[in-house]
2 protein chains.
Amino acid sequence: MARTQPTSFLRPTIRDVAAQAGVSVSSVSRVLNREPHTSPELHARIMRVVDRLGFEPHSAAQALRSRASNTIGCMVSDISNPLYSEMVNAAEEELQRAGYVLMLGATRHAEERETAFISAVRRRRMDGLLLFAGDNTHKDFTSALATLDLPCIGIDREVPGAPSVRADHRGGGFEVTRYLIGLGHRRIALLTGPAAVLPSTERVAGYRQAHIEAGLDVDLDLVRPQVHGSGIAFSDVCQLLQGPAPPTAIITLGTHMLASVMDALASNGIRYPSDISLVCIGDTDLARHATPAISTLTWDLSEIGRIAAKTLLERIRDGDQAQDTRPIYLPTRFILRHSCAEPRAK
Amino acid sequence: MARTQPTSFLRPTIRDVAAQAGVSVSSVSRVLNREPHTSPELHARIMRVVDRLGFEPHSAAQALRSRASNTIGCMVSDISNPLYSEMVNAAEEELQRAGYVLMLGATRHAEERETAFISAVRRRRMDGLLLFAGDNTHKDFTSALATLDLPCIGIDREVPGAPSVRADHRGGGFEVTRYLIGLGHRRIALLTGPAAVLPSTERVAGYRQAHIEAGLDVDLDLVRPQVHGSGIAFSDVCQLLQGPAPPTAIITLGTHMLASVMDALASNGIRYPSDISLVCIGDTDLARHATPAISTLTWDLSEIGRIAAKTLLERIRDGDQAQDTRPIYLPTRFILRHSCAEPRAK
DNA sequence: CTCAATCATGGAAACGTTTCCAAGAATAGC
DNA sequence: GCTATTCTTGGAAACGTTTCCATGATTGAG
């Protein structure tokens with residue numbers, strides 16, 4: 001009887017509900033969890049009290065007892081990168097609908113933050129994990145990940161023992177490079193993310209493949225992986241343009257990097273498509289509305305997020321079965337605009 | 001003794017640690033929580049076992065007992081909006097550093113998702129809440145919020161009883177409008193977000209104020225709040241341009257909306273700055289690199305996120321004191337580029 | 001009409017921590 | 001050298017659920 005009259009400043013517990021309704025705690029739990037074997041009258045009586053008291057179950061207690069936290073971890077290097085934020089947005093929508101809450105962990109490319117997040121995932125007994133593209137040479141992180149027995153999906157990333165959802169960056173890189181080669185370009189610069197991140201790795205592979213198929217050598221000096229942040233692309237582009245054998249075409253990421261590249265072109269007095277051809281990867285307002293508009297390799301970011309979320313939910317439901325870990329690929333699409341031309345005759 | 005030998009597939013608990021170290025559970029807890037009154041030898045012995053077993057405390061149990069979840073809620077309408085994602089990114093960094101995990105709730109402007117998220121905040125006993133700009137006419141949400149006794153910060157939003165961090169959208173709207181009026185414009189269209197969202201409300205207020213100070217009437221037909229998503233600005237701009245008294249200047253948001261506006265101008269054969277002047281709110285790559293570059297009202301998004309996070313942390317630490325709920329304003333800055341001119345003589 | 005099966009409910013033991021309290025050991029004050 | 005304090009540790013009671021088990025009531029089969 002001690003808790004029949006709940007003190008006003010304390011949130012009501014399931015015992016308060018049980019006491020006020022004159023039933024047992026277990027009945028309240030059963031009703032709240034829609035279990036069978038509960039009479040309609042009991043249900044009505046309990047729900048009335050629940051509403052009156054504004055009872056809301058304490059999810060930590062639920063998690064402790066039932067071993068499900070209804071929480072999904074989402075590890076991403078940089079949520080302010082529009083490529084990621086669009087995928088996260090779509091995934092969150094899908095997971096929210098299924099009753100899960102997303103826990104965000106932005107790693108900012110630091111391995112120490114990655115391992116810290118994995119630790120948080122373990123302590124909080126999260127139910128699943130979405131792992132976005134990141135540096136796959138981080139060994140501490142990889143080994144921390146290996147100890148994690150948890151449904152997991154890689155997004156533009158390979159995760160041992162887990163399926164991944166990816167855009168076909170290799171195919172995209174191939175298509176774009178082949179297109180430029182077809183126009184007659186022989187020195188094509190590729191500005192992409194760090195080499196150890198899957199999309200970049202794949203992109204470079206596609207770039208090489210296109211060269212090989214055309215019987216051309218690859219000049220690795222033209223492949224310039226960019227470190228994150230700042231407008232580092234700027235100096236790389238300047239260096240290339242001012243070098244002995246400047247490129248006649250540039251492939252760059254469509255995010256901030258494209259803006260840096262355009263700055264670099266401008267400050268070297270070089271115009272596209274007349275002086276140099278330009279293709280970007282990842283469609284943006286800037287690519288669409290620059291003058292001339294920039295030909296772009298694009299793919300469906302939201303769809304990747306959605307598929308990743310759905311696949312994760314399936315794996316959570318199916319438990320240990322469904323060990324199909326084949327990657328799911330989404331196609332890229334090349335949008336031709338007006339930023340490319342045949343290279344200048346010497 | 002029953003649990004001295006932990007079964008391999010179960011995660012070790014604090015009892016396992018205690019048993020293996022031959023000490024009491026409470027000692028382990030004390031050591032782990034860095035409490036005073038623990039001898040160095042005990043500390044060393046326990047930590048050795050903790051490391052060997054790979055023990056990680058179950059945060060649900062901690063939350064249940066200690067009434068702190070180390071979790072911050074983050075309610076935002078749309079995480080894929082770059083304005084929001086940059087603020088969230090900065091806030092997350094600050095909160096992560098303090099040991100908190102961010103729980104993301106994207107509401108997509110739906111009140112039902114807002115109230116659902118508040119419910120999640122309550123059930124999970126989150127320690128604080130970051131509330132980003134949203135429709136302030138949502139009454140169910142507002143009343144749900146009122147029952148929430150929890151440190152809370154509004155970001156570009158007013159929250160009763162809580163401080164807010166905001167850009168000075170009113171001042172910014174005023175400055176931009178005054179600038180255009182100064183150039184001679186008398187019909188200035190304002191395309192902004194929904195009227196019930198604070199930044200828009202304030203912006204419109206600044207816009208009116210500039211008109212009033214100049215002794216001009218405000219034609220409310222020129223103020224066009226835009227519903228979210230899609231390129232709705234497109235049809236509004238077309239309608240204005242084709243109307244009887246088209247505007248000679250347009251103020252628009254710098255996000256996707258700017259692209260829509262540019263499309264609308266293009267498809268009506270109208271060029272800026274010669275035919276019409278253009279200013280956007282919120283700096284983007286597009287605004288910087290469009291030709292001509294677009295004059296922009298900007299402010300420090302990351303700083304807003306950081307300040308919001310820090311203020312929230314203070315409030316969590318200070319408990320019920322520190323009831324200073326005055327809003328913190330950040331200034332806007334007008335960047336003059338090449339998108340404005342005096343209006344055409346008739 | 002009886003016995004077995006099912007239904008509806010209650011009681012109590014978990015889940016894995018933290019924290020309160022008690023108690024013995026060590027230290028300090030005089 | 002004795003008492004009053006402070007240190008160090010252990011035991012046990014919470015925290016608020018879910019779930020297992022037991023029990024009485026109801027139903028169904030023959």
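Below, chain A is the first sequence line, B the second, and so on; all start at residue 1. Everything numeric in this text was worked out from a predicted model, so none of it was measured. In what follows, every heavy atom counts, from backbone to side chain, and hydrogens, waters and symmetry copies are set aside.
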**Student:** Report the distance from atom CZ of A/R34 to atom C1' of D/dT17, rounded to the nearest whole Å.
**Tutor:**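 The answer, rounded to whole Å, is 17 Å.
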**Student:** Residues two or more places apart in sequence or in another chain: which of them pass salt bridge (charged side-chain N to carboxylate O under 4.0 Å, His left out) with B/E158?
**Tutor:**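 Applying salt bridge (charged side-chain N to carboxylate O under 4.0 Å, His left out) to B/E158 gives B/R166.
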**Student:** Can any side-chain N or O of A/R122 pair as donor or acceptor with the backbone N or O of A/T147 at less than 3.5 Å?
**Tutor:**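 Flag set: sc A/R122 to bb A/T147 pair under 3.5 Å.
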**Student:** With a 4.0 Å limit, can you tell me whether B/S29 has a side-chain N or O closer than that to the phosphate oxygens OP1/OP2 of C/dT18?
**Tutor:**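 Yes, such a contact exists.
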**Student:** Tell me, for nucleotides 8-14 of chain D in 5' to 3' order, what letter each nucleotide earns: B for a base near a protein heavy atom under 4.0 Å, S for only sugar-phosphate near one, - for neither?
**Tutor:** BBBB-BB
**Student:** Closest approach to the side chain of A/F55, judged atom by atom: which nucleotide of D/dG16, D/dT17, C/dT17 is it?
**Tutor:**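 Per side-chain heavy atoms of A/F55, the pick is D/dT17.
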**Student:** Just checking B/E303: does its CD atom have more than 12 heavy atoms from other residues, nucleotides or ligands closer to it than 6.0 angstrom?
**Tutor:**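 For B/E303, atom CD is crowded (more than 12 foreign heavy atoms under 6.0 Å).
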**Student:** Kindly list each side-chain donor-acceptor pair under 3.5 angstrom involving residues 31-43 of chain A, sequence neighbours excluded, with atom names and distances?
**Tutor:**
from, atom 1, to, atom 2, distance (Å)
A/N33, ND2, A/S29, O, 2.8
A/N33, ND2, A/S29, OG, 3.4
A/S39, OG, A/L42, N, 3.3

**Student:** Please enumerate all protein N or O atoms sitting under 3.5 Å from an N or O of nucleotides 26-28 of chain C, with distances to 0.1 Å.
**Tutor:**
none

**Student:** Judged by modelled atom types alone, do B/Q62 and A/R123 share a side-chain donor-acceptor pair under 3.5 Å?
**Tutor:**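 Not at all, the side chains of B/Q62 and A/R123 share no donor-acceptor pair under 3.5 Å.
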**Student:** Nearest whole Å is fine: how far is C/dT18 C1' from B/H58 NE2?
**Tutor:**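 Interatomic distance, NE2 of B/H58 to C1' of C/dT18: 15 Å.
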**Student:** To the nearest Å, give me how far apart CD (A/E35) and P (C/dG10) are.
**Tutor:**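 Rounded to whole Å, this separation is 14 Å.
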**Student:** Listing request: all salt bridge (charged side-chain N to carboxylate O under 4.0 Å, His left out) pairs with a residue in residues 83-95 of chain B, at least two apart in sequence or in separate chains.
**Tutor:**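 For residues 83-95 of chain B, and leaving out neighbouring residues, the salt bridge (charged side-chain N to carboxylate O under 4.0 Å, His left out) pairs sorted by first residue read A/R108-B/E92, A/R108-B/E93, B/E93-B/R97, B/E94-B/R97.
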**Student:** Rounded off to whole Å, could you give me the CG-to-P distance for the A/N33 and D/dC20 pair?
**Tutor:**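 Atom-to-atom, A/N33 to D/dC20, this comes out as 13 Å.
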**Student:** What integer distance in Å separates A/D16:CG from D/dC15:P?
**Tutor:**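 Value for this atom pair: 11 Å.
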**Student:** With the threshold set at under 4.0 Å for non-hydrogen atoms, list the residues of residues 44-52 of chain A touching DNA chain C in residue-number order.
**Tutor:**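 Residues of residues 44-52 of chain A under 4.0 Å from DNA chain C: none.
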**Student:** Shortest non-hydrogen contact from A/C152 to A/A162?
**Tutor:**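 Looking at all heavy atoms of both residues, the shortest contact is O-CB, 3.2 Å.
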**Student:** Phosphate oxygens OP1/OP2 of D/dT19: is one of them under 4.0 Å from a side-chain N or O of A/R67?
**Tutor:**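 No, no such contact exists.
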**Student:** Starting from C1' on C/dG16, measure out to CZ on A/R125 and report it in whole angstrom.
**Tutor:**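 Taking CZ of A/R125 and C1' of C/dG16, I get 9 Å after rounding.
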**Student:** State whether a side-chain donor-acceptor pair under 3.5 Å links B/T71 with A/R124.
**Tutor:**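 Yes - a donor-acceptor pair under 3.5 Å links their side chains.
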**Student:** Expressed as a whole number of angstroms, how long is the span from A/L64:CG to D/dC15:C1'?
**Tutor:**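 A/L64 atom CG is separated from D/dC15 atom C1' by 9 Å.
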**Student:** Could you check how far CD1 of A/I14 sits from C1' of D/dT19, rounded to whole Å?
**Tutor:**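 It works out to 12 Å between those atoms.
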**Student:** Would you call A/R317 and A/E314 a salt bridge, using N to O less than 4.0 angstrom?
**Tutor:**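 The answer is no: the pair does not qualify as a salt bridge.
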**Student:** Taking the side chain as every heavy atom from C-beta outward, state whether A/L313 and A/Y100 have any atom pair closer than 4.5 Å.
**Tutor:**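 In short, these two side chains touch, coming nearer than 4.5 Å.
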**Student:** For B/M103 and B/F117, which heavy atoms make the closest approach, and how far apart are they?
**Tutor:**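 Closest approach of B/M103 to B/F117, heavy atoms only: O-CZ, 3.7 Å.
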